[in-house]
Amino acid sequence: MNYISPSILSADFSRLGEEISNISDAGADMIHIDVMDGMFVPNITLGAPIVKAVRKCSDKIFDVHLMINEPIRYVEDFVKAGADIICFHIEASSDVGATIDKIISLGKKPAIALKPGTKAEEAFKYLDKLYMVLVMTVEPGFGGQSFMPDMMSKVKAVRDECVRRNLDMRIEVDGGISDKTAPQAVNAGADVLVAGSYIFSAEDRKEAVEKLKNAK
Ligand code: DX5
Ligand code: ZN
């Protein structure tokens with residue numbers, strides 16, 4: 001079964017705490033929290049104080065996706081706020097290795113994210129230290145965009161390299177995931193599915209989560 005990480009970007013922000021507990025009860029494995037700084041991506045969302053405030057609303061894994069420049073500056077803040085996984089963009093940091101080491105030294109799980117234009121091979125030299133690789137299936141910045149099927153070869157390339165090295169790796173996909181697109185991602189080797197609009201706009205969120213869990 002796949003792990004499901006609903007993106008709160010599509011939640012009702014006026015009731016964010018309730019939305020997070022609701023989605024946790026609906027069977028989410030993780031809570032995907034999109035942090036944007038208006039620099040790395042054109043949009044601005046939320047920061048560590050909000051993560052800290054909603055930490056009490058769920059006991060699920062907090063999967064924090066940093067779409068910010070020089071993410072190393074904020075690792076500690078997000079750890080203190082209650083992040084479990086800290087995922088940052090390989091394109092956003094001057095020193096990817098140091099950022100990974102910092103996350104590990106603070107006892108949390110490091111992940112790197114790849115924008116659509118970044119090759120799978122860019123991630124290879126860090127794989128040994130990583131908990132997860134996030135292959136973006138849209139350009140980061142906004143929810144509700146269309147899934148990019150041509151990213152599936154990248155998912156497969158990362159999975160093949162992990163298998164070759166015998167690494168127990170989670171591969172996450174993010175952007176345009178629904179019951180229609182999830183099977184492609186799973187077949188390519190993804191096992192953590194982020195979904196924002198698909199889950200939060202579903203009439204029955206539990207059923208939507210269940211469908212993604214069983215996608216194959
Ligand atoms: C986009 C974010 C995604 C986004 C996904 O930059 O990283 O997590 O919320 O939204 P959907 O599932 O609606 O494409
Ligand atoms: Zn995301």
Side-chain angles (χ1 to χ4, degrees), residues 1-11 20 23-24 26-35 51 58-67 78 82-90 100 103-104 108-116 118 120 123-124 126-138 140 143 145 147-149 151-163 165 167-200 202 205-206 208-216:
M1 272 214 295
N2 313 307
Y3 297 102
I4 308 305
S5 192
S7 162
I8 61 163
L9 203 54
S10 296
I20 288 176
I23 212 68
S24 303
D29 300 290
M30 304 179 184
I31 306 295
H32 186 85
I33 302 174
D34 287 303
V35 177
V51 175
S58 173
D59 57 6
K60 304 295 177 187
I61 295 163
F62 270 19
D63 169 27
V64 175
H65 177 194
L66 300 179
M67 285 161 274
F78 284 97
D84 298 297
I85 299 170
I86 298 197
C87 180
F88 65 96
H89 274 266
I90 198 168
I100 293 172
I103 297 166
I104 294 173
K108 301 300 169 186
K109 295 180 164 72
I112 56 174
L114 307 175
K115 292 194 344 179
T118 305
F124 286 3
Y126 307 108
L127 290 178
D128 294 319
K129 287 185 170 179
L130 292 174
Y131 173 76
M132 184 168 84
V133 175
L134 166 54
V135 176
M136 291 301 300
T137 42
V138 296
Q145 304 182 75
F147 178 77
M148 299 168 75
M151 292 302 117
M152 296 304 94
S153 54
K154 194 193 292 187
V155 171
K156 190 171 183 311
V158 176
R159 179 57 77 199
D160 286 350
E161 183 64 13
C162 293
V163 169
R165 294 201 220 165
L167 295 173
D168 173 28
M169 184 71 67
R170 274 129 303 269
I171 300 179
E172 182 175 56
V173 282
D174 182 8
I177 299 295
S178 69
D179 56 338
K180 306 279 181 301
T181 55
Q184 297 175 55
V186 172
N187 283 321
D191 56 359
V192 183
L193 308 177
V194 174
S197 44
Y198 174 70
I199 292 177
F200 280 93
R205 291 176 175 178
K206 200 170 172 179
V209 170
E210 195 65 23
K211 274 191 187 166
L212 294 185
K213 273 194 186 189
N214 291 308
K216 58 177 181 239

Using 0.5 Å steps for rounding, measure from the [atom1] atom of [X] to the [atom2] atom of [Y].
X      : Y      : atom1 : atom2 : result
Phe62  : Ile8   : CZ    : CD1   : 7.5 Å
Asp128 : Leu167 : CG    : CG    : 5.5 Å
Asp179 : Leu193 : CG    : CG    : 11.5 Å
Ile20  : Ile33  : CD1   : CD1   : 5.5 Å
His65  : Leu134 : NE2   : CG    : 5.0 Å
Asn214 : Asn2   : CG    : CG    : 8.0 Å

Side chains of [X] and [Y], heavy atoms from C-beta outward: is any pair under 4.5 Å?
X      : Y      : answer
Pro140 : Pro116 : yes
Ile90  : Tyr126 : yes
Ser24  : Ile31  : yes
Met151 : Met136 : no
Phe78  : Lys108 : no

Could you tell me which non-hydrogen atom of [X] sits nearest to which non-hydrogen atom of [Y], and how far apart they are?
X      : Y      : value
Arg159 : Ala188 : CB-O, 4.2 Å
Ala111 : Ile85  : CB-CG2, 4.0 Å
Val155 : Ala185 : CG1-O, 4.2 Å
Lys154 : Ala120 : CG-CB, 3.7 Å
Ile112 : Ala123 : CD1-CB, 3.8 Å
Phe200 : Arg205 : O-NH2, 3.3 Å

Spell out, as yes or no, whether a donor-acceptor pair under 3.5 Å connects the side chain of [X] to the backbone of [Y].
X      : Y      : value
Arg170 : Asp191 : no
Thr181 : Gly176 : yes
Ser5   : Val194 : no
Thr137 : Met148 : no
Lys213 : Gly27  : yes

(request) Evaluate the side-chain contact (heavy atoms from CB on, under 4.5 Å) criterion for residues Ile61 and Tyr3: first the C-alpha distance (whole Å), next the side-chain angles of each, then the deciding distance (0.1 Å), finally the verdict. (result) CA-CA 11 Å; Ile61 295 163; Tyr3 297 102; over 6 Å; no

(request) Show your working on side-chain contact (heavy atoms from CB on, under 4.5 Å) between Arg165 and Phe124 and close with a plain yes or no. (result) CA-CA 10 Å; Arg165 294 201 220 165; Phe124 286 3; 3.6 Å; yes

(message) Can you confirm whether the side chains of His32 and Asp34 place a donor and an acceptor under 3.5 Å from each other?
(response) yes

(request) Determine, for Lys206 against Glu210, whether the closest basic-nitrogen to carboxylate-oxygen distance falls under 4.0 angstrom. (result) no

(request) Tell me, with the steps shown, if Ile103 and Tyr131 meet side-chain contact (heavy atoms from CB on, under 4.5 Å). (result) CA-CA 11 Å; Ile103 297 166; Tyr131 173 76; over 6 Å; no

